[in-house]
Amino acid sequence: MLSLQTLADGLVLGGLFSLAAVGFSLLFGVLGVVNLSHGAFVLIGGYAAWSIWHFAGIDPLLALPIVMIGMFGLGYAFQRTIIQWATQRASLLASMLLTYGFALMIRNALVLAYSPDFKSITPSYAFDALTIGEVTLGLTRVAALVVSIVLLGLLAALLQFSSLGRVIRATAQQEQAAALCGVDIRHVFAMTSGLSAAFAGAAGVAIGLVLPFSPPDETLWTVNAFVVVTLGGIGSPAGALVGGLILGIVNTTTAQLVGAAFPNAMMFLLLVLMLIARPAGLLGHSFRGSR
């Protein structure tokens, strides 16, 4: 029988999946680039938070803005150099190959800097828990879920109501028309890449509060992001949230009802079924517009 605890654990895991995938979804929706180094950006955020906590004693939640600002700068530079070069002088396939190679470079750099061993972030409240009825959640898990939902909401508000969000949406829907209206397309693409990296870094901080992580995990988080985007839809925080929650609940329920070895198999089965039944995801492509 499915327990409330399993559903609660699935919601927490789904929140992490959603936050980790929203940057991938945004970059794919606006630039049309499949960033295979996205999981590596997630881990950079996790290791940055671990370093700040381990060496400076700063709580990872307090370090979150620092990590996001640093990751934004990295993502901006990443677009203006590697991605821009690949998409202008070669092809989108070349950008996939370059981002994959960049992911391998980051993985090996993290191994050299931190070793291949697992790291975990354990702040002072790591062993405290919140109990509501039959459900018990550690405070770090509650914090990770709250951070995920709040940041997804802030991104949705940014895209919907801010001038930057309107420019991003306009560029995604009609790139040439936006350029004719005076929009600096390269800058918009770089800003989008910066936002993608910033939210990937934030996901790394939240993941570090809940799960141990190591450099090889970058592939896992890239694949998870791809599955979440396929389930929920491209380009919107709402789609990432829906896809992430579905994937999180499927993972925990499969582990309880079928076995701990089967969540990944069920995830890929769900991916195949969604590609057959609704390739655009449950919420569709939020930037399709008049393309």
* To do: Enter the distance from Leu43:CG to Leu220:CG here, rounded to the nearest 0.5 Å.
  => 9.0 Å
* Structure fact -> Result for side chain to side chain contact (heavy atoms under 4.5 Å, CB included) between Val42 and one of Ile207, Leu16, Asn224, Thr222 points to Ile207
* Mind listing the closest non-hydrogen atom pair of Ala190 and Gln79 along with its distance? => CA-CG, 3.3 Å
* Hey, mind stepping through Phe127 and Thr140 against side chain to side chain contact (heavy atoms under 4.5 Å, CB included) and telling me if it holds? -> CA-CA 8 Å; Phe127 301 103; Thr140 53; over 6 Å; no
* Kindly compute the distance separating CG (Leu273) from CE (Met266), expressed to the nearest 0.5 Å. => 9.5 Å
* Validation row: Pro215, Tyr47 side chains within 4.5 angstrom (heavy atoms) -> yes
* To do: Show your reasoning for whether side chain to side chain contact (heavy atoms under 4.5 Å, CB included) applies to Arg186 and Asp184.
  => CA-CA 6 Å; Arg186 293 183 178 182; Asp184 186 346; 3.8 Å; yes
* Over all atoms of both residues, closest heavy-atom pair of Ala172 and Gly29 -> CB-O, 4.1 Å
* Please list, chain by chain and in numerical order, all residues satisfying side chain to side chain contact (heavy atoms under 4.5 Å, CB included) with Ile106, sequence neighbours excluded. => Ala40, Ile44, Phe102, Leu110
* To do: Grab the two heavy atoms, one from His38 and one from Ala200, that are nearest each other, plus how far apart they are.
  => CE1-CB, 3.7 Å
* Does a donor on one side chain sit under 3.5 Å from an acceptor on the other, for His187 and Tyr76? -> yes
* **For the student: nearest non-hydrogen atoms of Ala21 and Ala225, plus distance** => CB-CA, 3.7 Å
* Main-chain N/O of Asn251 paired with Thr254 side-chain donor or acceptor, under 3.5 Å -> no
* Look only at the side chain of Ser214 and the backbone of Phe118, and say whether a donor-acceptor pair between them is shorter than 3.5 Å. => no
* Gln174 CD to Arg169 CZ distance, which is reported to the nearest 0.5 Å -> 14.5 Å
* Structure fact -> All heavy atoms of Ala48 vs all of Val67, minimum pair found to be CB-CG2, 4.2 Å
* **Common cluster, Ile83/Leu97, ILVMFWY with side-chain heavy-atom separation under 4.5 Å** => no
* Tell me, which pairs form a salt bridge (charged side-chain N to carboxylate O under 4.0 Å, His left out) where one or both residues lie in residues 101-116, sequence neighbours left out? -> Arg107-Glu218
* After noting the C-alpha distance and the side-chain angles of Phe189 and Val33, does the key distance pass the side chain to side chain contact (heavy atoms under 4.5 Å, CB included) rule? -> CA-CA 11 Å; Phe189 283 169; Val33 171; over 6 Å; no
* Asked: Do you reckon Phe55 sits in the same ILVMFWY cluster as Ile52, going by side-chain contacts under 4.5 Å, direct or chained?
  -> yes
* Cluster link Leu231 to Phe268, ILVMFWY, side chain under 4.5 Å -> yes
* Structure fact -> Output for pair (Thr253 OG1, Asp9 CG), nearest 0.5 Å, gives 11.5 Å
* Between the side chain of Ser196 and the main-chain N/O of Thr192, is any donor-acceptor distance below 3.5 Å? -> no
* Asked: Where do Leu275 and Leu271 land on the side chain to side chain contact (heavy atoms under 4.5 Å, CB included) test, with the steps shown first?
  -> CA-CA 6 Å; Leu275 288 173; Leu271 173 65; 4.2 Å; yes
* To do: Indicate, with yes or no, if Ile69 and Leu26 share a hydrophobic cluster defined by side-chain heavy-atom contacts under 4.5 Å among Ile, Leu, Val, Met, Phe, Trp and Tyr.
  => no
* With distance as the sole test, does Ser37 use its side chain to make a donor-acceptor pair with the main-chain N or O of Ala103 at under 3.5 Å? -> no
* Structure fact -> From the list Thr122, Val205, Leu61, Leu209, side chain to side chain contact (heavy atoms under 4.5 Å, CB included) partner of Trp53 resolves to Thr122
Check residues 155-165 and write down every donor-acceptor pair under 3.5 Å in which the side-chain atom is one partner and the other belongs to a residue at least two apart or another chain.
unit_1: Ser162; atom_1: OG; unit_2: Leu158; atom_2: O; d: 2.4
unit_1: Ser162; atom_1: OG; unit_2: Gly165; atom_2: N; d: 3.0

* Asked: Of all heavy-atom pairs between Ala206 and Ala144, which one has the smallest distance, and what is that distance?
  -> O-CB, 3.8 Å
* **Sidechain-backbone polar pair: His54 side chain, Ile121 backbone, donor-acceptor under 3.5 Å** => no
* Asked: Under 4.5 Å between any side-chain heavy atoms of Thr136 and Leu130, yes or no?
  -> no
* Drop me the distance from Phe199's CZ to Leu152's CG, to the nearest 0.5 angstrom. => 7.5 Å
* Asked: Given side chains that start at C-beta, do those of Met274 and Val227 come closer than 4.5 Å, heavy atoms only?
  -> no
* **Min side-chain heavy-atom separation Leu282-Ile246 under 4.5 Å** => yes
* Would Ile234 and Val272 show up in the same hydrophobic cluster when neighbours are defined by side-chain heavy atoms closer than 4.5 Å? -> no
* Take the angle between the ring planes of Phe28 and Phe24 and call it parallel below 30°, perpendicular above 60°, tilted in between. => tilted
* To do: Determine whether more than 12 heavy atoms belonging to other residues, nucleotides or ligands lie under 6.0 Å from atom CZ of Phe226.
  => no
* Any chance the side chains of Ser3 and Thr6 put a donor and an acceptor closer than 3.5 Å? -> yes
* To do: Report yes if the distance between the aromatic ring centroids of Phe17 and Trp221 is under 6.0 Å, otherwise no.
  => yes
* Asked: How many angstroms lie between atom CZ of Arg141 and atom CG of Leu11, to the nearest 0.5 angstrom?
  -> 10.5 Å
* To do: Determine yes or no for a side-chain-to-main-chain donor-acceptor pair under 3.5 angstrom, with Ser25 supplying the side chain and Val229 the backbone.
  => no
* For the residue pair Ser18 and Ser148, confirm or rule out a side-chain donor-acceptor distance under 3.5 Å. => no
* Would you find more than 12 non-hydrogen atoms of other residues, nucleotides or ligands less than 6.0 Å from Tyr100 atom OH? -> no
* Ignoring hydrogens and angles, tell me if any N or O in the side chain of Thr252 forms a donor-acceptor pair with the backbone of Gly248 under 3.5 Å. => yes
